Amino acid sequence: MAIKLLIVGGVAGGATSAARARRIDEHSEIIMFERGEFISFANCGLPYYIGGEIKKRDNLLLTTPDDFRSRYRIDVRTFSEVIDIDLKKKEVTVKDLKSGSTYKETYDRMILSPGAEPLRPPIEGIDLEHIYQLRNIPDTDRIKAFVDSGKVKSAVIVGGGFIGLEMAESLASREVRVTIVEMLNQVMAPLDYEMAAMVQDHLKEKGVRLMLANGVTRFSRHGDGLAVSTTNGEEISCDMVLLSAGVKPESMLAKKSGLELNDRGGIVVNDSLQTSDPFIYATGDAVEIKDFVTGFKTMVPLAGPANKQGRIAADNVMGRQSVFRGVLGTAVVKVFGLTVASTGQSEKNLKRNSIPHLKSHTFSNSHASYYPGAEFMGIKLLFSPGNGKVLGAQIVGGKGVDKRIDVLATAIKGGMTVYDLEELELAYAPPYSSAKDPVNMAGFVASNILKHDVDVIHFDEVKEGLGENDVLLDLRTRIEIKKEGTIDGAIHIPVDDLRANIHTLDPEKTYVLFCAIGMRGYIASRILSQHGFNVKNLSGGYEIYKLAK
C-alpha cells in the first residue's frame, strides 16, 4: 500500500534511505527536506579537495537534486528546514530558508537523518575571522578560498581526530606550517596509546608540531593573524585555525518533538531503527545504536554505518522486516605516508567495560620482503582469553593496511577466533602478500599466547611489572643497539648466540626477553623455556616500547 514518506536530511543516511524506499515502492509519495543546497556530497573527500588531491569541486557532489528527482521521482526540497513535528497530527512545519515562509506537510512515516554537528566549545574569541570548522561544501569553499589566497603560512588545528589529521596533511601539502593542539595525551582517540604513538612519530617526521595533553583557553587577534593561547601557558601565532574537536548529534528537532534521547543527545532507536514514536525512524550520526562486540549502546559517526542504516530504515518503513545488528566502528585514515585503521573494540574500551581480554602485537611486511616495495605494518589484536574470539584490531603501516583491517572486521562480524585467523586462506603472490599473510601472523602469535607457548609482557608493564628477580635480556645485534638504543639495565646476548651462553644465565631468575619486533624474542623464549628457564617475551619488541615510552 502506497504511503507518504518524509525524509529529513540528506547525505549518507537520508539520501540512501530515499533511494532505497523508491526502489522498494514505485507508488509511494516521497519528499526529502534538506536545509542546505546539497543533498548528497562526499563529506570524507572535503580535506582532499582543500589539499588539491581532488581537483574538481563537482567531483564532491555524488548526486544533484535534479538528478535525484529524475531518477527516483522524489520531491527534493533544498533550503528547507523542518522546524517542528506534531506527533499526534503526524504533521511537520517546514521553513523555506530563502523566503522565510513556513508551511505544513503531513506524513504516514518519517525518517530522520539530521547527522552530527561539530563541537564549538565556548572559548573566548571563537567567533573571530579565519577560525573555521569543516562540515559541508560551504565550509570547504571558505577554507579553500583562504588557503588559495596565499595568505596562509601557518595554521593551528584544534583536535587530533580523523578530520584534524587529514587536514594537517592537506595543509602541509600546501606548504602551511601546522600545529595540532589536542586535549588528550594522544592523537586519534579510537586507537590505543602505543598505536597512536606510531602515528605521532610519523607526524613529527613530516614537520607537524604536536601539543598533546593541552587545551585552548583563548583566541585573539595577533597583527593580521590570530593567537591561540593554551593551557600550558603558550601562545601560538598563526594565520588560521581549524576547529576539529569532535561532533555531537544534531537532535534538537527530535528533542523538541518529544522523541526519546540518550544522555548524550542521541536519538534512541530499536534494532529496526524505529524511534520512540512508531511512525518515525532515524539513521546516521545522530542515533544511538548497539555495539556489535559488546552489545552496549554507543554512537559512531561514520558514513559506512549511516548508509547501511538508511537501507534498513527504508526497508522497515516500506513494510519489510530488516534489523541493524550493530556497529564495529571500522575506520581507516591516510596520514601522510601512513595508513591507520581500526575495527571492533580498543583495549581502553574493553578495560572501561571490564571485559576480559588479551592482546598481541605483530609487525609484518605488506608483501613478500624479497619483492620490491614492501612496507611494514604493526598490528594490535585484541581477543578473548577463553575461546580466542577476536574482539578488535588496530593497524598502522604502509601499503595493505586497508586490506587487512577489512579481513579482521569480517572475522569479528563472523564470530571468528584467533585460531581461525591462523587457518585463513588468503590470496598470495609476491607483489601482494606473503605465504603467511600479516593476518595469519597475528593469528599465530595470539594463538601461541592462548596455548601458553609463550608468556608475554607488554610495554607498560616493563618497569611496573619487573621485580628484583627479573632480568632484561636484549637479543638484538650490537649494531641495532648502537643505532636504536636499549632498555636501561638490560644484558645483551644475541639470539643466535643464546644456546652457547645458556650456562651464563641463572635458572632462579625470570628473563624478560626483547628484540626489535618480538619474533626473535619468541624464538628465544621457546629455547629457554625448554631448558627450564622462566621467561617472558616483550610483545611488539623494542619498537613498541621505544615509541610508547
Side-chain angles (χ1 to χ4, degrees), residues 10-12 34-66 78-79 81 97-98 115-121 123-181 206-209 216 219-228 236-247 250 303 333-336:
V11 199
E34 170 55 52
R35 68 184 176 193
E37 179 182 358
F38 308 99
I39 62 166
S40 185
F41 60 91
N43 305 64
C44 301
L46 302 182
Y48 301 109
Y49 174 60
I50 293 169
E53 292 89 348
I54 297 173
K55 302 297 182 184
K56 296 182 179 179
R57 180 178 182 272
D58 286 351
N59 290 344
L60 297 171
L61 306 179
L62 304 180
T63 187
T64 67
D66 287 340
T78 55
F79 299 108
E81 183 177 8
L97 297 179
K98 286 188 171 181
E117 59 181 324
L119 289 172
R120 195 171 180 85
I123 300 172
E124 181 184 347
I126 198 167
D127 294 321
L128 289 171
E129 189 180 14
H130 302 315
I131 297 178
Y132 301 98
Q133 290 180 295
L134 181 61
R135 184 189 186 189
N136 51 36
I137 298 286
D139 292 339
T140 306
D141 291 339
R142 286 189 287 270
I143 296 170
K144 190 171 189 302
F146 188 40
V147 176
D148 287 348
S149 72
K151 298 177 181 178
V152 183
K153 304 300 181 184
S154 60
V156 170
I157 297 175
V158 182
F162 285 82
I163 296 295
L165 296 192
E166 287 173 340
M167 279 301 299
E169 179 180 357
S170 293
L171 291 172
S173 72
R174 303 289 302 271
E175 299 184 351
V176 175
R177 298 188 309 276
V178 176
T179 299
I180 295 176
V181 180
K206 296 299 181 180
V208 175
R209 185 186 179 202
V216 174
F219 298 109
S220 57
R221 300 301 319 173
H222 181 78
D224 294 333
L226 295 162
V228 181
I236 312 162
S237 298
C238 62
D239 299 307
M240 68 169 280
V241 170
L242 178 74
L243 300 174
S244 182
V247 297
E250 192 164 321
V333 62
K334 178 180 179 293
V335 183
F336 291 92

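Note that the coordinates shown come from a computational prediction; the quantities given were computed from them, not determined experimentally. For the numbers below, each heavy atom of this structure counts, side chains included, while hydrogens, waters and symmetry mates do not.
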Please evaluate residues Asp224 and Lys151 with respect to the criterion salt bridge (Lys or Arg N to Asp or Glu O under 4.0 Å), reporting the C-alpha separation (whole Å), side-chain torsions for both, the decisive distance (0.1 Å), and the verdict. CA-CA 10 Å; Asp224 294 333; Lys151 298 177 181 178; over 6 Å; no
Give the C-alpha distance, both sets of side-chain angles, the deciding distance and a yes or no for side-chain contact (heavy atoms from CB on, under 4.5 Å) between Phe219 and Val228. CA-CA 5 Å; Phe219 298 109; Val228 181; 3.9 Å; yes
Could you walk me through whether Tyr48 and Lys334 satisfy the side-chain contact (heavy atoms from CB on, under 4.5 Å) test, starting with their C-alpha distance in whole Å, then the side-chain angles of each, then the deciding distance to 0.1 Å, before giving a yes or no? CA-CA 11 Å; Tyr48 301 109; Lys334 178 180 179 293; 4.0 Å; yes
Could you please spell out the steps behind the side-chain contact (heavy atoms from CB on, under 4.5 Å) verdict for Met240 and Val147? CA-CA 9 Å; Met240 68 169 280; Val147 176; 4.1 Å; yes
For Val156 and Leu226, run side-chain contact (heavy atoms from CB on, under 4.5 Å): C-alpha distance rounded to whole Å, both residues' side-chain angles, the deciding distance at 0.1 Å, then the answer. CA-CA 10 Å; Val156 170; Leu226 295 162; over 6 Å; no
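Ring orientation note: the planes of Phe146 and Tyr132 are tilted relative to one another, at an angle of 30° to 60°.
Here Phe162 contributes atom CZ and Cys44 contributes atom SG; the two are 10.0 Å apart, rounded to the nearest 0.5 Å. Taking CD of Glu166 as the reference point, atom CD of Glu53 lies at 10.0 Å (rounded to 0.5 Å). Taking OG from Ser154 and CD from Glu175, the interatomic distance works out to 13.5 Å, rounded to the nearest 0.5 Å. To the nearest 0.5 Å, the span separating CG on Asn136 from CD on Glu117 amounts to 11.5 Å. Rounding to the nearest 0.5 Å gives a distance of 9.0 Å between OG of Ser244 and CD of Gln133. The distance from the CD1 atom of Ile143 to the NE2 atom of His130 is 12.0 Å, given to the nearest 0.5 Å.
Between Leu171 and Ala155 the shortest heavy-atom distance is CD1-CB, 3.9 Å. What you find for Tyr49 and Asp141 is that their closest heavy atoms are CE2-OD1, 4.5 Å. The two residues Ile157 and Gly164 come nearest to each other via the heavy atoms CD1-O, 3.4 Å. For Ser173 against Ser170, the heavy-atom pair with the smallest separation is OG-O, 2.6 Å. Contact record, Val216 with Ile123: O-CD1, 3.8 Å, taken as the closest heavy-atom pair.
A side-chain contact (heavy atoms from CB on, under 4.5 Å) with Asp139 is found for one member of Leu134, Leu242, Leu46 and no other, namely Leu134.
Although no hydrogens or angles enter the test, the distance criterion places a donor-acceptor pair under 3.5 Å between the side chain of Arg135 and the main chain of Ala116. Within the 3.5 Å criterion, the main-chain N or O of Pro65 finds no donor-acceptor partner in the side chain of Glu34. Of the possible polar contacts, one joining the Arg120 side chain to the Ile126 backbone as a donor-acceptor pair under 3.5 Å is found. A donor-acceptor pair under 3.5 Å is absent between the side-chain atoms of Ser237 and the main chain of Ala227, judged by distance alone.
Counting heavy atoms from C-beta outward, Met167 and Ile50 have side chains that approach closer than 4.5 Å.
Asp66 is linked by a salt bridge (charged side-chain N to carboxylate O under 4.0 Å, His left out) to Arg69, counting only residues two or more places apart in sequence or in another chain.
Remark: Glu169 does not engage Arg174 in a salt bridge, criterion side-chain N to carboxylate O under 4.0 Å.
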